Amino acid sequence: MELDFGPEVRDFRDEVRDWLADHLVGEFAEHRGVGGPTDGAAWEVRLAWDRELSAGGWLGVGWPQEYGGRGLGLLEEIVFEYEYARVNAPYRATVNALDLLGPMLLKMGSETQKKRFLPPILAVEELWGQGFSEPGAGSDLASVRTRAERDGDEWVVSGQKVWTSFGVHADWLYVLTRTDPQSARHKGLSLLLVPTDQPGVEIRPIRNLAGQDEFAEVFLSDARTSADMVVGEVGQGWRTAMATLGIERGTTLLPQQLTFEREAEALIDLARERGALDDPMLRRRIVDAWISVRIMRTTNLRTIAELTAGRTPGAQATTAKLYASTRHQQLGQLATELAGPAGQIVGEDYALDRRQRSFLLSLAETIYGGSSEIQRNIIGEQVLGLPKEPRP
């Protein structure tokens, strides 16, 4: 896919392309496309690549210059992410801080928090993990039970978090807590920044179906953090958390789109190799997969057009997530079927090829970032105007 974002950013696009051509070489080039939001493969290589990007000034393109960024606009951010994905560069190890925490601090953090945390993020000196989901509060974050109590100049935090991406590498966590013990659901929540290097924090890796351990569960037992480590207002953590999740759907759209398009093209090549295009039923499913990634492209471009125009994305932002995650799983299932018995053979120590890893990891896509059930509720209630789901 080739997109032209207009003459005003062509010089910037060329600068990005030239830098990537000069620096995505050697070991970095050998790891093109490695990693993902649920894939911790080649962690040290990806971390080294992030430091290479930092040295070139390519982390935080849209962040203000006083915090170490370039101070460019949203369109330049989108162009960079698109060109980055176009060359299939390694998935950034610092994604939690770059795509979620950093933008959240820029929008809702105090000036002290911005000066303290944003420069180390861009310098790849501190890594972050997200403490939102809990064993009893996965997609339903309003059921959070992790509590935080004020003790003088500190907050004391106790509870358990789960599915913390790259949590074993995190120096800090941004944790959704309940600071009002009498509150329920969305009220009385606060978002705290908690250091991991202390006795009250225990992080245990979770090994997933694809053999990766990028997820972790976090146990907080009277962990402490300073009183000024609240992002936004005390008791308004739900609004802060929703702002974070909204950021997650922004400039990441086109990179994900390009990944899915590559997989669809690989599927067609595989079908040709196996002679599957002669089977009308299989041919129909393959064409349907090809159409699905084109629909994703159109929907994503609509969302990006609204973002660059300064508008909040409409209903397609929610429907796009639901559609892309379910169709990606179907794409992987079809590729596995076409591969036949070879698609079920693994290498030494359960080593998976790219097709196998992508399919297994896609099974989580209908859960993270808002499960499909939650997305359907949002579409039904907020888009179609249907009655709200009964609450217990």
Side-chain angles (χ1 to χ4, degrees), residues 37 99-100 103-104 107-108 130-148 159-165 174-192 230-250 252-253 256 292 295-296 298-300 302-307 310-330 362-392:
D99 291 355
L100 297 175
M104 179 186 69
K107 183 176 182 180
M108 308 191 74
Q130 184 186 81
F132 279 14
S133 296
E134 297 182 3
S139 294
D140 185 14
L141 293 180
S143 299
V144 160
R145 291 182 292 179
T146 295
R147 67 184 186 276
Q160 181 182 353
K161 297 294 181 178
V162 73
W163 310 125
T164 301
S165 298
Y174 50 107
V175 184
L176 189 63
T177 68
R178 192 166 294 281
T179 48
D180 181 356
Q182 306 302 319
S183 65
R185 301 295 298 168
H186 307 86
K187 298 180 180 179
L189 299 174
S190 300
L191 196 140
L192 305 182
V230 179
V231 181
E233 300 178 22
V234 174
Q236 297 297 317
W238 178 257
R239 183 173 63 182
T240 305
M242 290 304 99
T244 305
L245 294 177
I247 291 165
E248 189 175 8
R249 309 265 168 83
T252 60
L253 292 172
Q256 182 186 62
S292 71
I295 292 174
M296 292 180 207
T298 301
T299 304
N300 289 345
R302 286 175 56 203
T303 301
I304 288 172
E306 293 192 359
L307 287 169
R311 298 190 296 267
T312 300
Q316 78 274 5
T318 298
T319 57
K321 194 276 178 186
L322 176 63
Y323 183 81
S325 59
T326 54
R327 294 312 297 260
H328 188 215
Q329 289 178 356
Q330 294 171 16
S362 75
L363 300 179
E365 291 175 11
T366 48
I367 299 175
Y368 68 72
S371 70
S372 292
E373 290 78 6
I374 295 297
Q375 300 305 314
R376 291 188 179 100
N377 282 346
I378 293 173
I379 293 169
E381 295 172 9
Q382 300 182 16
V383 179
L384 301 179
L386 300 178
K388 291 189 175 182
E389 181 178 342
R391 298 293 184 185

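Below, each value reflects all heavy atoms present in this structure, side chains not excepted, and no hydrogens, waters or symmetry copies. This structure is a prediction, so every number in the text was calculated from the model and none was measured.
The CG atom of L192 sits 7.5 Å away from the OG1 atom of T179 when rounded to the nearest 0.5 Å. Atom CG of L384 sits about 12.5 Å away from atom CZ of R376, to the nearest 0.5 Å. Taking CD1 from I378 and OG1 from T319, the interatomic distance works out to 11.0 Å, rounded to the nearest 0.5 Å.
Contact check for R147 versus P181: no side-chain heavy atoms found under the 4.5 Å cut-off. Residues T366 and T326 are in side-chain contact: their nearest non-hydrogen atoms beyond the backbone lie under 4.5 Å apart. In this structure the side chain of Y323 reaches within 4.5 angstrom of the side chain of I295, judged on heavy atoms. Residues M104 and L191 form a side-chain contact, since some pair of their non-hydrogen atoms from C-beta on lies under 4.5 Å apart. Residues D180 and K187 have side chains not in contact (no heavy-atom distance under 4.5 Å, counting atoms from C-beta outward).
Scanning all heavy atoms of the two residues, the minimum distance from L322 to Q375 falls at CB-CB, 4.2 Å. The two residues H328 and M296 make their nearest non-hydrogen contact at N-CE, 4.5 Å. Considering every non-hydrogen atom in both V144 and L176, the closest pair reads CG1-O, 3.5 Å.
Side chain of E381 to main chain of K388: no donor-acceptor pair is present (N/O by atom type, distance under 3.5 Å, no hydrogens or angles). Listed for the T177 side chain is no donor-acceptor partner under 3.5 Å among the backbone atoms of T146. For the pair Q160 (side chain) and P135 (backbone), a donor-acceptor distance under 3.5 Å is absent.
Residues that satisfy the salt bridge (charged side-chain N to carboxylate O under 4.0 Å, His left out) test with E233, not counting sequence neighbours, are R239. Looking at residues two or more places apart in sequence or on another chain, you find no salt bridge (charged side-chain N to carboxylate O under 4.0 Å, His left out) involving R178. For S325, the side chain to side chain donor-acceptor pair (under 3.5 Å) criterion is met by no residue, not counting sequence neighbours.
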inquiry  = Walk me through whether F132 and K161 qualify under side chain to side chain contact (heavy atoms under 4.5 Å, CB included).
reply    = CA-CA 7 Å; F132 279 14; K161 297 294 181 178; 5.6 Å; no
